Structure formats: structure tokens, C-alpha cells
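Inspection log for the structure reproduced underneath, given as C-alpha cells.
Quick caveat, the model's predicted, so the values are computed rather than measured.
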Amino acid sequence: MKIATFVKAGLLLVSATLAYADSVNYFQNPKPHSVYKPGAPIRFAVEDMPDHHGHMVYAKLYKEDGNGMPLQTFKVWQPTSLEDEDQFIMFDGVLDDSYADGLYYVEITVEGELSKDHYRSYTFALNRKDGGTFENTGLSRRSSALRRRHFQ
């Protein structure tokens, strides 16, 4: 019973967050539906950074169907290292071997600030299988069964 309450609260929080967002600014890289293997470097290219207002800026990794908590911080910028929100930034990240196959994204946030705009990567896949694709990554048996039932 308590788990259902937490799930409902999480869904409300996600809905409220999405309703609050004015826009989503996607990174130039990685491209949509990219697939990586553990340990492979990922190049992130951000055309527009958020306005930092003198605060620290973080690039954090999240699991697409996760609990909303970051798994890893790929990059931290000091306020003095960022000229303005329009500068082009590139940085690299590596997916740890301990992460499960699935769908992930990186979001850039400013310390202590809530923004109506989101700065994030397109969702990308971690897939250990040779020839693994974005579409067959991270699908549980339950979600696969639900998709088959829904589309038949």
C-alpha cells in the first residue's frame, strides 16, 4: 500500500515538473537513439548553457525510468569558467560498467535554482549486446508484454 502511495507521489512530481517546464533545450550530441557500451566515452555538445547567475553548474547522469536521483556527475563548472549561457560547451562522460543496460540522459542544472527551462541530452542507450539497438535496450519482460498487448 505504501509503495503505491510513493509511486503516485512520484508520478505527480514528474507531471508537475513537466507542466512547469517552458522549454527543453536538447544537446547537439549525443544524437537521438545513440547506443553505447559500458566504458565507451560519450561526447556531449551543448549549444546553450543555462544562465548560472554566479552559481555552480552540474551535468548529471540519470536513468530514464529511474527514481529521479542522479547516478553520477559528469562535469562541474565554476561560475567564473562560464562566460554566459550562450557559449558552446563540450565535455566527455563514461558510463560505468556497473550500470544496467537501459536508457539514460544527462541534464545540466544550476546549483540552488529551479528553472522553467530544461537543458538535457536526448535519451541514449547503454547496451552490452553486440548489435544491440536503442529499441531493444532496457525493456523489461513486463514492459515488452505491455507493448505487445497494446499494439496488437
Side-chain angles (χ1 to χ4, degrees), residues 3-96 98-127 132-140 142-144 146-147 150-151:
I3 292 174
T5 303
F6 285 116
V7 170
K8 287 179 185 174
L11 290 174
L12 287 173
L13 179 61
V14 168
S15 298
T17 301
L18 293 175
Y20 181 69
D22 277 353
S23 66
V24 177
N25 302 290
Y26 288 102
F27 300 177
Q28 285 186 349
N29 202 52
K31 300 296 182 200
H33 304 290
S34 295
V35 180
Y36 299 95
K37 294 199 176 296
I42 303 172
R43 171 66 45 106
F44 296 93
V46 184
E47 186 173 7
D48 294 318
M49 293 288 283
D51 191 356
H52 58 83
H53 298 292
H55 295 274
M56 302 281 282
V57 178
Y58 301 91
K60 297 179 182 180
L61 175 70
Y62 295 86
K63 190 150 182 7
E64 185 72 31
D65 60 352
N67 62 7
M69 297 298 296
L71 300 172
Q72 180 180 351
T73 300
F74 279 148
K75 180 77 176 169
V76 178
W77 292 274
Q78 298 289 332
T80 55
S81 69
L82 297 172
E83 295 173 17
D84 61 38
E85 67 272 12
D86 294 328
Q87 89 182 75
F88 183 81
I89 300 280
M90 289 178 41
F91 63 96
D92 294 319
V94 175
L95 293 172
D96 191 272
S98 66
Y99 296 144
D101 283 5
L103 304 177
Y104 295 84
Y105 67 95
V106 170
E107 186 166 15
I108 294 180
T109 58
V110 178
E111 179 181 53
E113 292 193 17
L114 292 175
S115 174
K116 290 185 175 188
D117 298 327
H118 291 268
Y119 297 82
R120 61 163 284 175
S121 69
Y122 287 102
T123 301
F124 54 87
L126 171 65
N127 194 328
T133 65
F134 182 87
E135 289 76 16
N136 70 8
T137 300
L139 297 177
S140 66
R142 182 173 184 275
S143 63
S144 295
L146 288 172
R147 285 183 186 196
H150 180 68
F151 291 110

Residue pair [X] / [Y], side-chain heavy-atom distance below 4.5 Å:
X: Val57; Y: Tyr119; value: no
X: Tyr58; Y: Glu111; value: yes
X: Gln28; Y: Phe88; value: yes
X: Tyr99; Y: Tyr104; value: yes
X: Glu64; Y: Tyr105; value: yes
X: Asn25; Y: Ile108; value: no
X: Tyr26; Y: Arg120; value: yes

**Prompt:** Are the side chain of Thr123 and the backbone of Leu103 linked by a donor-acceptor contact shorter than 3.5 Å?
**Reply:**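 No; zero donor-acceptor contacts below 3.5 Å.
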**Item:** Polar side-chain atom of Asp92 near backbone of Pro41 as donor-acceptor pair, under 3.5 Å
**Value:**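 Answer holds: no.
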Quick one: closest heavy-atom pair of [X] and [Y], and the distance?
X: Pro30; Y: Tyr122; value: O-CD1, 3.7 Å
X: Phe44; Y: Gly93; value: CE1-N, 4.0 Å
X: Gly68; Y: Tyr62; value: O-CE2, 3.4 Å

Distance check, rounded to the nearest 0.5 Å: [X] atom [atom1] versus [Y] atom [atom2]?
X: Leu126; Y: Lys37; atom1: CG; atom2: NZ; value: 9.0 Å
X: Leu61; Y: Asp96; atom1: CG; atom2: CG; value: 10.0 Å
X: Leu71; Y: Lys63; atom1: CG; atom2: NZ; value: 8.5 Å
X: Met49; Y: Phe27; atom1: CE; atom2: CZ; value: 8.0 Å
X: Met90; Y: Lys75; atom1: CE; atom2: NZ; value: 12.0 Å

**Item:** Aromatic contact, Phe74 with Phe91 (centres under 6.0 Å)
**Value:**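 Ring centroids of Phe74 and Phe91 are no less than 6.0 Å from each other.
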**Prompt:** Yes or no on side chain to side chain contact (heavy atoms under 4.5 Å, CB included) for Met56 and Gln78, after CA distance, side-chain angles and deciding distance?
**Reply:** CA-CA 5 Å; Met56 302 281 282; Gln78 298 289 332; 3.4 Å; yes
